[in-house]
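These notes are about the structure you will find just below.
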Amino acid sequence: MSNSYQPQKIEPKWHRIWKETGAHKTLQRSEKPKYYCLDMFPYPSGSGLHVGHLRGYVLSDVWARYEKLRGYNVLHPMGWDSFGLPAENDAIKRGIHPRTNTEKNIQNMKRQLEQIDAMYDWSREINTSSPEYYKWTQWIFLKMYKNGLAYRKLVPINWCPSCKTGLANEEVVNGRCERCETPVTKKNLMQWMLRITKYADRLLQDLDKVDWPEKVKTMQTNWIGYSEGAEVIFKAVSAKDEEEFDIPVFTTRPDTLFGATYMVLAPEHELTEKISSPSQEKEVQDYIERSRRVPEAERLAQVKEKTGVFTGAYAINPVNREKIPIWISDYVLLAYGTGAIMAVPAHDIRDFEFATKFHLPIREVICSPGAQRKKDSTPKEAYLEEGELINSGSFNRLSSEKAREKITERLHQRNLGKRAVSYKLRDWVFSRQRYWGEPIPIIYCERCGEIPVPEKDLPVELPQVEKYQPSGTGKSPLENIPEFVNTTCPTCGSPAKRETDTMPQWAGSSWYFLRYPDAHLEKVAFEKETMNYWLPVDMYVGGIEHAILHLLYSRFFTKVLYDQGYIDFDEPFQRLFNQGMVCKRSKRTGKVEKMSKSKGNVVNPDDLVEKYGIDTVRMYELFIGPAELDCEWQDQGIEGVFRFLKKTWDLIPKWEAKPGPEDTETKTRLHLLIRDVTERIEAFKFNTAVSSFMEFVNFLNRSEILARGVDKKTIETFLVLLAPFAPHFCEELWERLGHSQSIFKEKWPLYDPSLVEDRLVRIAVQVNGKLRGTLLLARDTPEEKAVEEARKIEKIRKYLEGKEIKKAVFVPSKIINFVTSQG
RNA sequence: GCCGGAGUGGCGGAAUCGGUAGACGCGCUGGACUCAAAAUCCAGUGGGGUUUAUCCCCCGUGUGGGUUCGACUCCCACCUCCGGCACCA
């Protein structure tokens, strides 16, 4: 047996042994309390994993192994998010069928993941694009459908011309497609929608229940976007035929109602054409047409310049009976509120800009309390604050707050309004006009209409086809496969057609965490009893990029299943941790950027594992910086942890050679190590946990320690602490120390608080706040004695000479500071 | 524009209930070992000044103020970078 540290020898050995003994198999049930530690599962990409992906997996594995040593029955599973755009686009690019390509990618990524030897229980591996799995994704869809949570609607949706599919709001970033950055356009399509808005309030409220980073909670809160106000009904008269319409608007400022000098409808608003006067009709039509064609990205870029057209029609302000003009403009969004607004230019920036441009009247109705009111002067900008009402009839001199209440009350009495809340969150566009996804299990029968596929007929399998490229027509490629499309109605047996849209990539990942605890169940998606043992997920580790999309959708699915009685919890992830991105200087751009193939700055872990071994790679991933922050990969940095492991490897036989008696100093150090490592793991400060191991080894490497040896118990405790970080390394040394059972069967050590407090403490002595010396004292030295000792120090005496001591500040175990008469 | 996070040696980063700034590591310098190199080991390493040397002194945590015996840490104003949202009525 060679004496030097050779990870290339010991790592494959333990990899094999762990596999053979089923070391990472999780007990389905156990007397032990459970711990569910979950990684966000990857989509199988062609380029494989780089060290940036590894960071999160290493982190969660250290955590999982730590919880295992603490005595939990730990579930730490892994699988593949293999349906959807990323996988499909990769396949199209390579000209390989998505199924073949996905299988190939999974093979490669699984090899890489097995290499890091995380304690994944691979017997629970799941794959969202396998029929055994997506059968249940379709089943959940049917549950939603039957409860009115899935519905079909013709809506103008976000359309990516490059991916040739509709997108959810969440998938549009700054007017561009999240995947390919192509500017998104609008398209009117019959879409399947999920009624996530019904859960808006609970998705918001229940954020209080979970232990998540504030940042993510804030992002979700803003996305859901709660506002409180009133719905106000304006009576409008068509300029065409005098027909009357109610136009409800939502406002957060009913106190400004008297200042409403015009109304604006979104161009797509259903009433625009009905109310336009014949003379304005052409202009209105043109405007609607233009705004439909302008891509979102372009519209956002031109935010400053307001555009709009007068409809020729008027509405009546319900509080003062004033007749105000109705305009249309794209600064009003159809999807928010009611798609129409009352415009109060004096107190809203956007309305102010619009009114200024089109010479519409601006009337002030709020003034700051106590301010002198100038008569009839046109304001230079909108006054947005609250204040005191003016020009508001009987509501004058009320505060904004009071007026909101009173005005809403009066509207309510007259049946012209009520209190209302509004959310930014919109229903989830769930249809994709693409091949690679779960077929939506619906059948259209000429006689019976829209019929859900009976549960016994699930899964509706995705057919094997030659031609899977998106068509761009607004129809999925499945449309061209008669064998798939043509079917019979499950109700009446007559010829019928299948829905050809597929589900978005987010469908499978919205519930996968429910599948791992019993991954291969055939009769049901999951069993309640199993759910009650394993769920919710105790720790969820993944990137911040899913702060809204995946996490919001998963919470929604969970709440739906909870409401229908399938599970007994309504939040899926108790604790969430977002690791930072790994960056590297890109030779191509010269900047430090997130690793990506296109930037040419990826580091492949395979080469590193070959050179240093996975334990070193694992420890460097942790040592590189604070886990929650982005970090910069430095090729030479890894040498440090490699040297640490090599040094430790060489030292252990030396310590062991003279198994000296426990000495107090070593014992104190060991207990400090136990305390620090435990606290730092708990706080997710893995980088400083690694430093504490280094400090400990540096201490035990001192010649006097080597001369007297180190007792075996100390070495063993050290190895147990290090095991979650460098599992092969510790398992091997554990065996060499004579143990026949795995180190992971040990118990996480506890520290003795009485040992970590030194009896002697070194305290700083300052004169006027500047350090002039130190003093070694017994921990409980009284102030008087400490000050006396401090004054005896020669240097201190020098500084105090000829000065009057005005004050001596004493902080036990920390500091003495003499304050003198003059500096 | 609004909200949030962060600015500390040549580099990654420690320390934040105010109490010895720079732990740990990379890199660098010098030395040991070697025919030589790699590896390893030892010493040094924030800037400036002073001394034969030991010592010692001054400055120093983005900038400018403030509170305090004492500020990387708290307060005010500002600068820079990063992230999120962005006509949401």
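Within every chain, numbering begins at 1; the chains are lettered A, B, ... in the order of the sequence lines, protein sequences first and strands thereafter. Since the structure is predicted, the reported quantities are computational estimates derived from the model, not experimental observations. What you see below is based on every heavy atom in this structure, not just the backbone, and it leaves out hydrogens, waters and symmetry mates.
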A:Asp676 has an atom CG; how far is it from atom P of B:A15, in whole Å? 11 Å
Whether A:Phe358 and A:Phe354 hold their rings parallel, tilted or perpendicular, with breakpoints at 30° and 60°: tilted
When you get a sec, tell me which of B:A15, B:C85, B:C56 is the closest nucleotide to the side chain of A:Thr688? B:A15
Looking only at atom C1', what distance separates B:G48 and B:G65, rounded to whole Å? 26 Å
Looking at A:Arg680 and A:Ala689, would you say the former's side chain and the latter's main chain have a donor-acceptor pair under 3.5 Å? no
Can you check whether A:Lys685 has a side-chain N or O nearer than 4.0 Å to OP1 or OP2 of B:A15? yes
Would you mind reading off the distance between A:Ile816 atom CD1 and B:U20 atom C1', rounded to a whole angstrom? 13 Å
Between A:Trp223 and A:Glu170, do the side chains contain an N or O donor and an N or O acceptor separated by less than 3.5 Å? yes
Any side-chain N or O of A:Lys770 under 4.0 Å from OP1/OP2 of B:C56? no
Have A:Asn578 and A:Lys215 got a donor and an acceptor in their side chains that come within less than 3.5 Å? no
Regarding A:Tyr287 and A:Thr307, do their side chains bring together a donor and an acceptor under 3.5 Å, going by distance alone? yes
Can you tell me the pairing partner of B:C33 across any strand shown, Watson-Crick or G-U wobble, with both distances under 3.5 angstrom? none
If only side-chain N and O atoms count, and only distance matters, is there a donor-acceptor pair under 3.5 Å linking A:Glu228 with A:Tyr226? yes
Rounded distance (Å) that lies between atom C1' of B:G4 and atom CD1 of A:Ile548: 13 Å
Give me the distance, rounded to whole Å, that separates B:G22 from B:A15 when you measure between the C1' atoms they each carry. 9 Å
By nearest heavy atom, map A:Gly625 and A:Val819 onto RNA chain B; which one lands nearer the 5' end? A:Gly625
I'd like the C1' distance from B:G46 over to B:G9, given in whole Å. 5 Å
If you take atom types as modelled and just measure distance, does the side chain of A:Lys306 reach the base of B:C87 with a donor-acceptor pair under 3.5 Å? yes
B:U20, B:C11, B:A89: which one has an atom nearest the side-chain heavy atoms of A:Ile815? B:U20
Main chain of A:Thr185, side chain of A:Asn158: is a donor-acceptor contact present, judged purely on distance under 3.5 Å? no
Is the shortest side-chain N/O distance from A:Arg772 to OP1 or OP2 of B:C57 below 4.0 Å? yes
What nucleic acid atoms does A:Lys424 come within less than 4.0 Å of, heavy atoms only: base, sugar-phosphate, or nothing? base
Figure out the NZ/P separation between A:Lys647 and B:C42, and round it to whole Å. 7 Å
When you compare B:U16 with B:A23, how far apart are their C1' atoms, in angstrom units rounded to a whole number? 15 Å
NA contact type, A:Ser227, heavy-atom cut-off 4.0 Å: base, sugar-phosphate, or nothing? sugar-phosphate
Could you check how far CG of A:Leu673 sits from P of B:C24, rounded to whole Å? 14 Å
Let me know the distance between NZ of A:Lys584 and P of B:G12, rounded to the nearest Å. 14 Å
Just to be sure I understand the rule, does A:Ile341 reach a base, reach only the sugar-phosphate, or reach nothing, if contact means heavy atoms closer than 4.0 Å? base
If you only use heavy atoms from C-beta on, which nucleotide in B:A23, B:U20, B:G27 is closest to the side chain of A:Ser691? B:A23
Per A:Tyr336 side chain, nearest of listed nucleotides B:A89, B:C24, B:G84: B:A89
Say you pick atom C1' in B:U40 and the same atom in B:U34; how far apart are they, in whole Å? 12 Å
According to a strict under-4.0 Å criterion, is A:Lys646 in side-chain N/O contact with OP1 or OP2 of B:A39? no
Does A:Tyr799 have a side-chain nitrogen or oxygen under 4.0 Å from the phosphate oxygens OP1 or OP2 of B:C57? yes
Protein-nucleotide distance (A:Glu353, atom CD; B:G1, atom P), rounded to Å: 14 Å
How far does the P atom of B:C74 sit from the matching atom of B:G4, given to the nearest Å? 16 Å
State the pairing partner of B:U54; accept Watson-Crick or G-U wobble contacts with both distances under 3.5 Å, and report none otherwise. none
So does A:Asn687 get a side-chain nitrogen or oxygen closer than 4.0 Å to the phosphate oxygens (OP1/OP2) of B:C24? no
Classify the nucleic acid contact of A:Asp650 as base, sugar-phosphate or nothing, counting any heavy atom under 4.0 Å across all strands shown. nothing
Applying the 3.5 Å cut-off to both distances, the Watson-Crick or G-U partner of B:U63 turns out to be B:A77
Of B:G83, B:A89, B:G27, the nucleotide closest to the side chain of A:Thr251 is B:A89
Any strand: nucleotide that pairs with B:G44 via Watson-Crick or wobble, under 3.5 Å: B:C28
Does A:Lys807 have a side-chain nitrogen or oxygen under 4.0 Å from the phosphate oxygens OP1 or OP2 of B:C69? yes
Out of B:C11, B:A89, B:C85, which has the shortest distance to the side chain of A:Val332? B:A89
Pairing partner of B:C85, by Watson-Crick or G-U wobble and under 3.5 Å for both distances, is B:G1
Using the P atom as the point on both nucleotides, what is the distance between B:G83 and B:A38, in whole Å? 41 Å
Students often mix this up, so state it plainly: with edges at 30° and 60°, are the rings of A:Tyr5 and A:Phe642 parallel, tilted or perpendicular? tilted
Side-chain N or O of A:Arg643 versus OP1/OP2 of B:G27: is the shortest distance under 4.0 Å? yes
Using the P atom in both, what is the distance from B:C72 to B:U67, to the nearest Å? 16 Å
Is the ring centre of A:Phe684 less than 6.0 Å from the ring centre of A:Phe686? yes
Taking the nucleotide of RNA chain B with the closest heavy atom to each, which residue, A:Lys814 or A:Tyr620, is nearer the 5' end? A:Tyr620
Which is true for A:Glu695 with a 4.0 Å heavy-atom rule: it touches a base, it touches only sugar-phosphate, or it touches nothing? sugar-phosphate
Mind telling me whether B:G9 is syn or anti, cutoff 90° either side of 0? syn
Tell me: CG of A:Asn222 to C1' of B:G83, nearest whole Å? 13 Å
